[in-house]
Amino acid sequence: MFEEIKDIKSTRKELREFGLTIGVILVILGAVTLWRGKPTYPYFLGVGALFITLGLMLPGVLKPLQKVWMSFAVIMGFFVSRIILTILFYVVVTPTGVIVRILGKDILDQRIDKNRKTYWQERDAKTKDKVNYENQY
């Protein structure tokens, strides 16, 4: 995670994109708040216009803010991905495994059968042409 934070790029192009992206989002939020009649719309529009202006004319000024924002994004991504994977495991994979065990299925053919001579599974011989070497499975 710390390596990802160190590797955050802050070239002139990335800073310009950062300024324009944040600015456009704030302008859109300002337009929505204006449309809904909220009194906070000038703040969104003003800060959005400032970000767009800085992104176009002086992107270097946005470097500290971009570093902080992207570091926050890396940290959030670290935790959110683990939360999503944990939920996915316990909501999808674990119940599937429990159901398969209850039904007595052996999907991977792992049961040991002492009466079997071999566990080798014969495969059909394919002609060896160029396509088989490119699509091995």
Side-chain angles (χ1 to χ4, degrees):
M1 181 167 64
F2 294 113
E3 288 296 321
E4 287 183 58
I5 293 174
K6 287 180 187 176
D7 292 338
I8 294 173
K9 294 180 184 176
S10 292
T11 63
R12 189 170 175 84
K13 180 184 177 216
E14 271 95 18
L15 292 172
R16 180 175 289 120
E17 288 174 358
F18 172 74
L20 291 175
T21 303
I22 298 297
V24 167
I25 289 171
L26 288 174
V27 167
I28 290 171
L29 286 174
V32 169
T33 55
L34 175 64
W35 179 59
R36 291 190 172 187
K38 305 284 183 183
T40 57
Y41 74 90
Y43 302 113
F44 287 111
L45 293 175
V47 175
L50 178 67
F51 267 96
I52 291 172
T53 305
L54 288 175
L56 290 173
M57 296 188 179
L58 297 169
V61 175
L62 296 173
K63 187 172 184 174
L65 187 59
Q66 187 250 8
K67 285 284 192 183
V68 170
W69 185 265
M70 296 307 289
S71 299
F72 177 71
V74 167
I75 293 168
M76 286 297 293
F78 177 81
F79 289 109
V80 168
S81 64
R82 274 139 182 91
I83 291 169
I84 289 172
L85 288 173
T86 302
I87 291 170
L88 183 70
F89 181 78
Y90 286 109
V91 171
V92 175
V93 177
T94 302
T96 303
V98 170
I99 291 169
V100 167
R101 280 191 176 207
I102 289 172
L103 296 176
K105 300 287 184 183
D106 187 19
I107 296 172
L108 297 177
D109 195 26
Q110 290 182 324
R111 288 199 187 110
I112 296 176
D113 185 6
K114 294 184 179 185
N115 297 329
R116 247 173 135 172
K117 284 186 175 182
T118 181
Y119 285 94
W120 184 264
Q121 294 179 356
E122 291 290 332
R123 301 182 113 200
D124 297 334
K126 291 183 179 180
T127 59
K128 296 182 181 181
D129 56 358
K130 201 174 196 179
V131 175
N132 291 344
Y133 289 113
E134 291 176 4
N135 296 326
Q136 297 180 13
Y137 304 102

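Just so it is clear, the model here is predicted, and its values are computed rather than measured. Reckoned from all heavy atoms, side chains included, excluding hydrogens, waters and symmetry mates.
The CG atom of L45 lies 6.5 Å from the OG1 atom of T33; values are rounded to the nearest 0.5 Å. The distance from the OG1 atom of T86 to the CD1 atom of I84 is 10.0 Å, given to the nearest 0.5 Å. Here CD1 of I99 is found 11.0 Å from OG1 of T94. Values are rounded to the nearest 0.5 Å. Note that the CD1 atom of I52 and the CZ atom of R16 stand 13.5 Å from one another [nearest 0.5 Å]. Distance check: L58 CG to K63 NZ gives 15.0 Å after rounding to the nearest 0.5 Å. Atom CG of L20 is separated from atom OG1 of T53 by 9.5 Å, given to the nearest 0.5 angstrom.
Following chains of ILVMFWY side-chain contacts shorter than 4.5 Å, one can reach V47 starting from W69, so the two form part of one hydrophobic cluster. Residue L34 is grouped with residue V24 when hydrophobic side chains (ILVMFWY) are merged at heavy-atom distances under 4.5 angstrom, including chains of intermediate members. Under the 4.5 Å side-chain contact rule for hydrophobic residues, V61 and I8 share a cluster. Under the 4.5 Å side-chain heavy-atom criterion for Ile, Leu, Val, Met, Phe, Trp and Tyr, L85 and F89 are members of distinct hydrophobic clusters. Linking Ile, Leu, Val, Met, Phe, Trp and Tyr residues whenever their side-chain heavy atoms come within less than 4.5 Å leaves L26 and L15 in two separate clusters.
Taking all atoms of both residues into account, the shortest heavy-atom contact from P95 to Y90 is CD-O, 3.5 Å. Between G60 and P64, the shortest heavy-atom distance links the atoms O-CD, 4.4 Å. For M57 against R12, the heavy-atom pair with the smallest separation is O-NH2, 4.2 Å. Between R111 and K105 the shortest heavy-atom distance is NH2-O, 3.9 Å.
Within 6.0 Å of CZ in R116 there are more than 12 heavy atoms belonging to other residues, nucleotides or ligands.
Proximity of Y119 to I112: side-chain heavy atoms (C-beta onward) are separated by under 4.5 Å at one or more points. Inter-residue side-chain proximity for Q66 and I22 is flagged as unmet; no heavy-atom pair is nearer than 4.5 Å. Counting only heavy atoms from C-beta outward, the side chains of V27 and F51 never approach each other to under 4.5 Å. F18 places a side-chain heavy atom less than 4.5 Å from the side chain of L65.
Side-chain N or O atoms of K67 include none that pairs as donor or acceptor with a backbone N or O of S10 at under 3.5 Å.
Here E17 pairs with K13 under the salt bridge (Lys or Arg N to Asp or Glu O under 4.0 Å) rule; sequence neighbours left out.
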